[in-house]
Enquirer: 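I have a structure here, written as structure tokens, and I will follow up with some questions on it.
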Amino acid sequence: MNPTPRLSRTEGGSRRRATHDPRWMRALLVGAAFLFLGLFLFVPLASVFAHALAKGIGPYLETFQDPVTLSAIRLTLIAAAVAVPLNTLFGVCAAWAIAKFDFRGKQVLLTLIDLPFSVSPVISGLIYVLLFGAQGWLGPWLAERDLQIIFAIPGILLATLFVTFPFVARELIPLMQAQGRMEEEAAMVLGASGWKTWWRVTLPNIKWGLLYGIILCNARAMGEFGAVSVVSGHIRGQTNTLPLHVEILYNEYNAVAAFAVASLLTLLAVLTLALKSWVEGKQAASLAAASAATSP
Amino acid sequence: MSIEVQHVTKRFGAFTALDDVSLKVETGELVALLGPSGSGKTTLLRIIAGLDFPEPGGGQILYHGQDVTDLPASQRKAGFAFQHYALFRHLTVFENVAFGLRVRPRATRPDERAIRQRVGELLGLVQLGPLAQRLPAQLSGGQRQRVSLARALAVEPRVLLLDEPFGALDAKVRKELRRWLRHLHEEIHLTTLFVTHDQEEALELASRVAILREGRIEQVGSPETIYEHPASPFVYDFLGNVNLFRGRIEQGSVRIGGVRFDAGGVIGSPETAALAFVRPHDIRVTRCGKGQSTLPARVVRFHTVGPVAHLDLERLDDRSCVSVQLSKEELQDLSLQVGEVVQVEFRKVRVFSEDYSI
């Protein structure tokens with residue numbers, strides 16, 4: 001005979017918990033979430049492709065033979081190719097310094113890294129116009145030397161660099177702070193040089209966080225509109241990036257071309273999301289391993 | 001390979017972690033750095049390893065008579081085991097142990113076959129051979145600590161430095177590893193310095209113990225010396241397992257609760273307030289005091305663990321606690337009752353004046 005039949009029955013029988021809501025409530029909440037996402041995300045996303053393919057695949061593909069479109073694609077790729085590596089390098093250096101060393105002005109540096117996030121992108125663009133524009137502080141000096149930054153490619157690169165500045169650093173700082181310096185110290189005591197410690201210990205520990213930051217940085221570098229718009233001057237075939245090109249085409253009532261180019265950016269976004277969730281999964285797994293490795 | 005610490009001073013901001021500390025560990029010795037948390041023992045160990053550095057001009061570290069004060073950790077060839085192991089989480093047990101060999105400059109790096117052999121030997125030594133391909137996250141705490149020891153030994157270190165090596169482990173594993181380390185030391189005779197806050201661990205393992213207090217060394221000596229002849233009230237207090245009586249020093253003896261006890265030598269200034277320490281096994285309990293030097297106390301409780309009996313008494317005058325240790329037979333002969341009053345005698349008492357410090 002079971003000495004405590006009532007207790008065992010309550011434990012095994014019903015799975016009700018205090019936090020479980022009734023079935024209709026759950027259905028309502030889940031339904032509302034899906035309805036909202038469908039209306040505000042999926043329908044617009046689908047409409048991009050619907051508009052782009054409104055006149056068939058021919059006109060859609062024709063858009064990408066237009067030299068002006070091709071030059072916009074090229075400029076977007078150049079901007080990303082410059083901004084992503086530079087900001088990766090900077091982000092790693094800043095995160096390394098902040099997470100592993102104590103120095104004066106650490107808080108100031110942290111705040112500065114966040115600045116591009118807290119400033120409106122239009123203002124970021126405007127800063128460069130005020131600095132390097134014809135009427136700007138450095139304008140006359142640059143004009144004398146025949147250097148053009150604003151309404152030219154250097155301006156676009158600078159603006160892209162500025163707005164994508166925090167992504168990698170912001171991603172790595174908490175990760176590196178959580179990991180501490182112990183493994184680096186262990187490597188040093190074992191005779192590893194600073195360089196070898198970085199390649200064999202630090203980098204493997206941060207690689208998923210780093211990749212995550214790079215993906216976000218790249219998505220923003222290719223998709224940035226506001227800051228680039230201010231400094232670009234919208235010269236067709238010369239200083240137009242993809243997002244700016246979409247705007248111009250749309251304003252010219254060239255819906256098919258505008259949405260065709262937009263579909264390219266949309267595909268980029270979908271690809272970024274897929275990559276991002278894959279990396280996130282990897283990162284969560286490595287973080288779980290890390291916390292298991294340090295807890296006794 | 002001996003380790004010598006000469007007049008080392010270290011500050012963190014306004015806090016003085018180490019204040020003019022000198023210590024010598026002879027070749028092949030196993031020495032414990034014992035102290036409460038914040039006493040500077042880990043800082044001293046890190047300075048010896050080259051992970052921290054003394055203040056400019058604040059002392060020297062010598063390995064085998066050679067000044068290594070300015071040498072970075074990577075060139076000191078010290079084996080270091082961290083309190084929380086600091087294993088490389090992305091590397092297998094095998095690669096963790098092999099790390100120190102793989103990062104050597106090409107000229108001195110052993111070939112793959114030699115590395116495999118050496119790592120295999122070490123994993124055998126720490127009894128982890130079958131787990132070579134596991135990741136640190138898949139190991140228990142005791143196994144991780146053994147990996148960390150194998151990793152430290154792989155580079156053939158000149159000295160072995162262990163920071164609270166068993167601090168994060170449960171009591172049983174701790175005992176096992178302690179015995180294992182003792183055995184290992186007897187086998188390879190590597191000069192070893194380990195940090196601990198556990199007096200039992202220090203007294204059991206070490207051939208000599210250095211006791212730190214607030215960045216200074218309070219006493220260095222063999223476990224017997226430290227236990228039998230603590231140099232200061234702090235050491236008595238820290239080692240624990242002792243009764244403290246407050247009294248007054250009078251003409252070389254001590255007066256506690258109106259009763260004079262022969263102190264057999266007093267340390268510190270005469271004719272002042274005194275701290276008298278008596279170990280529980282140096283107390284004799286009788287029904288009626290034979291001499292004059294007895295204190296009356298009431299029996300609060302008693303219990304026996306194996307052959308040893310513990311007796312808790314309460315002094316009648318100030319109601320403070322006295323703990324007594326005696327054999328099971330002695331307790332049986334006394335046939336005490338809880339609540340009855342007995343007389344307390346001291347076989348051995350150590351007296352310090354209250355203002356005494358090293």
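Below, chain A is the first sequence line, B the second, and so on; all start at residue 1. Worth knowing before you read on, the calculation uses all heavy atoms, side chains too, and leaves out hydrogens, waters and symmetry mates.
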Enquirer: Enter the distance from B:S74:OG to A:E185:CD here, rounded to the nearest 0.5 Å.
Expert: 12.5 Å
Enquirer: Between CG of B:L51 and CZ of A:R181, what distance do you get to the nearest 0.5 Å?
Expert: 11.0 Å
Enquirer: Is there a donor-acceptor pair closer than 3.5 Å between any side-chain N or O of B:H90 and the backbone N or O of A:R200?
Expert: yes
Enquirer: Identify the two heavy atoms, one from B:A86 and one from A:A186, that lie closest to each other, and give their separation to 0.1 Å.
Expert: O-CB, 3.8 Å
Enquirer: Report the distance from atom OG of A:S193 to atom CD of B:Q75, rounding to the nearest 0.5 Å.
Expert: 10.0 Å
Enquirer: As an exercise: rank B:K77, B:R46, B:R76 by heavy-atom pairs under 4.5 Å with chain A and give me the winner.
Expert: B:R46
Enquirer: Return the option, out of B:F99, B:F80, B:F88, with the maximum number of heavy-atom pairs under 4.5 Å with chain A.
Expert: B:F88
Enquirer: Flag yes if more than 12 heavy atoms outside A:F34 fall under 6.0 Å of its CZ atom; otherwise flag no.
Expert: no
Enquirer: Of the non-hydrogen atoms in B:F82 and A:M182, which two are nearest, and what is the gap between them?
Expert: CZ-O, 4.3 Å
Enquirer: Which atoms form the tightest heavy-atom contact between A:N205 and B:R89, and what is the distance?
Expert: OD1-CG, 3.4 Å
Enquirer: Under a 4.5 Å heavy-atom cut-off, does chain A meet the side chain of B:P105, its backbone, both or neither?
Expert: backbone
Enquirer: Would you indicate whether A:F36, at its atom CZ, is surrounded by more than 12 heavy atoms from other residues, nucleotides or ligands within a distance under 6.0 Å?
Expert: no
Enquirer: Kindly check if the number of other-residue, nucleotide or ligand heavy atoms within 6.0 Å of CD (B:E55) is above 12?
Expert: yes
